[in-house]
Q: 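Dropping a structure here in structure tokens format, bear with me for questions.
The chain is numbered in sequence order, starting from 1.
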Amino acid sequence: MTKVYNPILTGFHADPSILAVNGEFFIANSTFEWYPGVELHRSKDLVHWTCVPSPLSEDRHLNMTGVVESGGIWAPCLSFSDNRFWLIFTDVKNWNKGPWKDTPNYLVTADSIEGPWSDPVFLNASGFDPSMFHDDDGRHWLVNMEWDYRKTGPRQFSGILIQEYSPSKKHLIGKPRKIYTGTDIGCIEGPHLYKRNGWYYLMAAEGGTGYEHAISVARSRNLFGPYETHPQNPLISSYRHPELAIQKAGHGNWVEAADGNTYLVYLCGRPLPGTKKCTLGRETSIAKMIWKDDWPYVIQPDGSLQNTPPEYVEIPADVELLAGEKDRNLVGGKSDDYCRVTRYDFIKKDFLADFKALRYSLFSKKHRQRFSLDARPGFLRIYGGQSFVSNFDKALIARRQTDFVFEAETKIYYEPSSFQHLAGLTYRYDEDTQYNLCVTYDEELGKVLQFQAFMASEAVTPKPAVCGEYFEGLKIKLQENQPVWLKLTVNYRDAYFSYSEDGKSWKKLFAKMDASFVSDEHGGLGFTGAFVGMFAIDMADYSKYADFEYFTYTKDK
């Protein structure tokens, strides 16, 4: 037996959907405004997970230009039928303006998990979190929650709809039917349908995506109901268990494995100690289930049946675990010291397995070219885009924060000639919440190092944090025509920037940043997590570029 400790996918891997096909497991996760859309991982043992190229990686698949923060790709569902992979997802255009939500749902298919994926087929827009259920009679059914803008609070999540899908016609047929309205937990969403021993099982998330989150289960002998709720509902939740390291347990998907066990993957959050803020965002954990009287129950490592997230799950396989195994989802860089240090050299595009851009492809043919590996071989060249707060033409590439304690470092060649030129290292949550260490230009000093930040207040009002507010007017003169090394150090809630002009002697900037701000909970509701990465801005004519030689991410031992 092998112990698999939670979470299994660390740092911003929300809304997991799991699938088993031909001896392999696959997990799909939400990516929201980060591009490419939908994160995919594969495993043969539920222990070692490696990235699969994201399916929504071309302009024909996805256009998120201008999408709001935490919009974009919500709750993808991966399934397999008719010898094809089916991926269904919501491309949210609006979600946080009063009672209104614009939530078109799409389907893409592929013969292989690596693609190529078909052009998207529009399905409906009546709600979000869609899934596809393939019944054993060969019929296919779309399942999604319904959003009712006329109501208030949890009642806006007005129930679960089902409607038949025709693969030959490539659209829905018949009329939607509401099959379940949820429990008194409220806010029903994230539905999945299964069939087992003649029962139809409906699993759905409830309680919102915060600390009251949960998974509910109901069953029926008929596809259209009526559905009876689990006698010991919810199936899993962390609510009212503040002592647990794994919080926010909810929104998941189960799978029947070849070893005879049923495994549940679900989202969770790990707050910073002493806070209720999750800089790592919502992650993916796993639990084992057993069946009693045709009802599923979460089983704990000690054999007890409790509906709380377990610390670990025992997998019936003899699998070697390396130190630093939690970095198994990082495959784009070169790792050493048992995966403690991940170094990304910009020679080939393999580093993109761990990095993402905002709202459009790094190498999109429909957008201005912002990134190049060819202009200066061995370097990532980033051509300046729009400002820190733009939702459109931004030139930024970043990777998830996956650990509470880490350092990120890069080396930049950049010669700005205007105050409108900025490039450097970013530690960010979204456009309203970010810390940036910038190489820029001052008319009196020339090339300088400067700090820029934007913090959302508790009332969700963007608050510019000029350098004086944090670093007392920091403006450090740099050598012309020379590279500069930039570093971010994060130790749970404490974070600070430092820099070097020779790569050996580092100078720590003398003010500390609060890492808890870069979280789902700071300033209101968000769905992603903290990222660290590189950027370039040119608010003059979008032509000034910065060359980055490498990027490293070092986790604490």
Side-chain angles (χ1 to χ4, degrees), residues 14-21 25-30 38 73-81 85-90 105 107 123-124 126-136 139-146 157 159-165 176-183 185 187-197 199-207 209 213-220 222-225 227-230 233-237 249-257 262-268 282 284-287 289 291 294-298:
D15 311 322
S17 167
I18 191 169
L19 172 69
V21 177
F25 298 95
F26 303 94
I27 290 180
N29 293 99
S30 299
V38 180
I73 302 302
W74 286 19
C77 177
L78 192 63
S79 61
F80 189 81
S81 180
F85 289 91
W86 301 54
L87 180 68
I88 188 169
F89 59 93
T90 310
N105 296 312
L107 167 70
L123 298 173
N124 68 6
S126 58
F128 47 89
D129 292 2
S131 66
M132 191 67 75
F133 171 62
H134 310 283
D135 208 343
D136 50 19
R139 299 171 76 179
H140 309 274
W141 300 89
L142 172 69
V143 188
N144 67 271
M145 63 81 68
E146 179 187 60
F157 298 73
I160 303 303
L161 303 180
I162 186 170
Q163 188 173 2
E164 189 171 2
Y165 174 75
R177 300 176 64 169
K178 186 172 294 186
I179 60 173
Y180 192 63
T181 57
T183 74
I185 297 174
C187 298
I188 188 164
E189 57 186 337
H192 294 277
L193 269 173
Y194 314 85
K195 194 172 187 181
R196 186 181 190 274
N197 289 346
W199 288 100
Y200 289 95
Y201 292 90
L202 175 63
M203 181 174 72
E206 290 196 282
T209 194
H213 207 23
I215 291 178
S216 294
V217 174
R219 72 182 185 185
S220 174
N222 187 288
L223 177 63
F224 304 112
Y227 282 82
E228 59 174 323
T229 302
H230 196 299
N233 206 63
L235 178 66
I236 195 168
S237 180
H251 195 122
N253 188 204
W254 75 58
V255 67
E256 303 270 356
T262 304
Y263 296 98
L264 171 73
V265 293
Y266 54 95
L267 72 78
C268 67
R282 298 173 303 157
T284 292
S285 282
I286 191 170
M289 302 197 312
W291 294 84
D294 284 321
W295 284 112
Y297 293 83
V298 169

Q: Looking at every heavy atom in both Ile215 and Gly252, which two are closest together, and how far apart are they?
A: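 Looking at all heavy atoms of both residues, the shortest contact is CD1-N, 3.5 Å.
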Q: Evaluate the side-chain proximity of Ile73 to Thr90: yes if any heavy-atom separation is below 4.5 Å, no if none is.
A: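 Thr90 does not reach Ile73 side chain to side chain.
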Q: When you look at Val255 and Leu19, which way does the side chain to side chain contact (heavy atoms under 4.5 Å, CB included) test go after all the steps?
A: CA-CA 6 Å; Val255 67; Leu19 172 69; 5.8 Å; no
Q: Would Asp294 and Arg219 pass as an ion pair if we require N to O under 4.0 Å?
A: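 So Asp294 does not pair with Arg219 through a salt bridge.
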Q: On the 0 to 90° scale, with breaks at 30° and 60°, tag the Trp295-His230 ring pair as parallel, tilted or perpendicular.
A: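 Correct class here is tilted.
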Q: For Ala287 versus Ile236, what's the shortest heavy-atom pair and its separation?
A: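 So the two residues come closest at CB-CD1, 4.5 Å.
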Q: Which one of Pro130, Ser17, Ser30 satisfies the side-chain contact (heavy atoms from CB on, under 4.5 Å) criterion with Pro76?
A: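 Exactly one pass, corresponding to Ser30.
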Q: Do the two ring centres, one from Tyr297 and one from Trp254, sit under 6.0 Å apart?
A: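 Ring-ring flag for Tyr297/Trp254: false, centres at least 6.0 Å apart.
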Q: If we ignore hydrogens and angles and just use 3.5 Å, is the side chain of Asn233 paired with the main-chain N or O of Val217 as donor and acceptor?
A: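 At least one qualifying donor-acceptor pair exists.
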Q: Using ring centroids (six-membered ring only for Trp), state whether Phe224 and Trp141 fall under 6.0 Å.
A: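 That pair passes the under 6.0 Å test.
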Q: Is there a side-chain hydrogen bond (donor to acceptor under 3.5 Å, both in side chains) between Tyr194 and Asn253 once you walk through the steps?
A: CA-CA 10 Å; Tyr194 314 85; Asn253 188 204; 2.5 Å; yes
Q: Do Met132 and Leu193 have side-chain heavy atoms sitting under 4.5 Å apart?
A: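 No, too far: nothing below the 4.5 Å cut-off.
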Q: Consider only side-chain N and O atoms of Trp291 and Thr262, and report whether a donor and an acceptor are under 3.5 Å apart.
A: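 Side-chain D/A pair, Trp291 to Thr262: present.
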Q: Rounded to the nearest 0.5 Å, what separation is found between the CD1 atom of Ile88 and the CG atom of Asn105?
A: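 Answer rounded to 0.5 Å: 6.0 Å.
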Q: Taking Tyr200 for the side chain and Arg196 for the main chain, is one N or O donor matched with an acceptor at less than 3.5 Å?
A: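 No, Tyr200 side chain to Arg196 backbone: no donor-acceptor pair under 3.5 Å.
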Q: Output, in order, the C-alpha distance, side-chain angles, deciding distance and verdict of side chain to side chain contact (heavy atoms under 4.5 Å, CB included) for Val143 and Asp129.
A: CA-CA 8 Å; Val143 188; Asp129 292 2; over 6 Å; no
Q: Under 3.5 Å, side chain of Trp86 to main-chain N/O of Ser81, donor-acceptor pair present?
A: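 A pair under 3.5 Å: yes.
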Q: For Asn144 and Ser131, run side-chain hydrogen bond (donor to acceptor under 3.5 Å, both in side chains): C-alpha distance rounded to whole Å, both residues' side-chain angles, the deciding distance at 0.1 Å, then the answer.
A: CA-CA 6 Å; Asn144 67 271; Ser131 66; over 6 Å; no
Q: Parallel under 30°, tilted from 30 to 60°, perpendicular over 60°: which one fits the rings of His251 and His213?
A: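 Geometry flag for His213 against His251: tilted rings.
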Q: Kindly give the heavy-atom pair with the smallest separation between Ile27 and Pro16, and that separation in Å.
A: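 Distance-wise, the nearest heavy atoms are CG2-CB, 4.1 Å.
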Q: Would you check if the distance from the ring center of Phe26 to the ring center of Phe85 is below 6.0 Å?
A: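 Judged by ring-centre distance (under 6.0 Å), Phe26 and Phe85 do meet the cut-off.
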Q: Looking at Glu146 and Ser126, would you say the former's side chain and the latter's main chain have a donor-acceptor pair under 3.5 Å?
A: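 Side chain of Glu146 to backbone of Ser126, a donor-acceptor pair under 3.5 Å: no, none is there.
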Q: Apply side chain to side chain contact (heavy atoms under 4.5 Å, CB included) to residues Phe133 and His140 and explain how you reach the verdict.
A: CA-CA 6 Å; Phe133 171 62; His140 309 274; over 6 Å; no
Q: Could you check Met145 against Ile188 for side chain to side chain contact (heavy atoms under 4.5 Å, CB included), going step by step and ending with a plain yes or no?
A: CA-CA 7 Å; Met145 63 81 68; Ile188 188 164; 5.6 Å; no
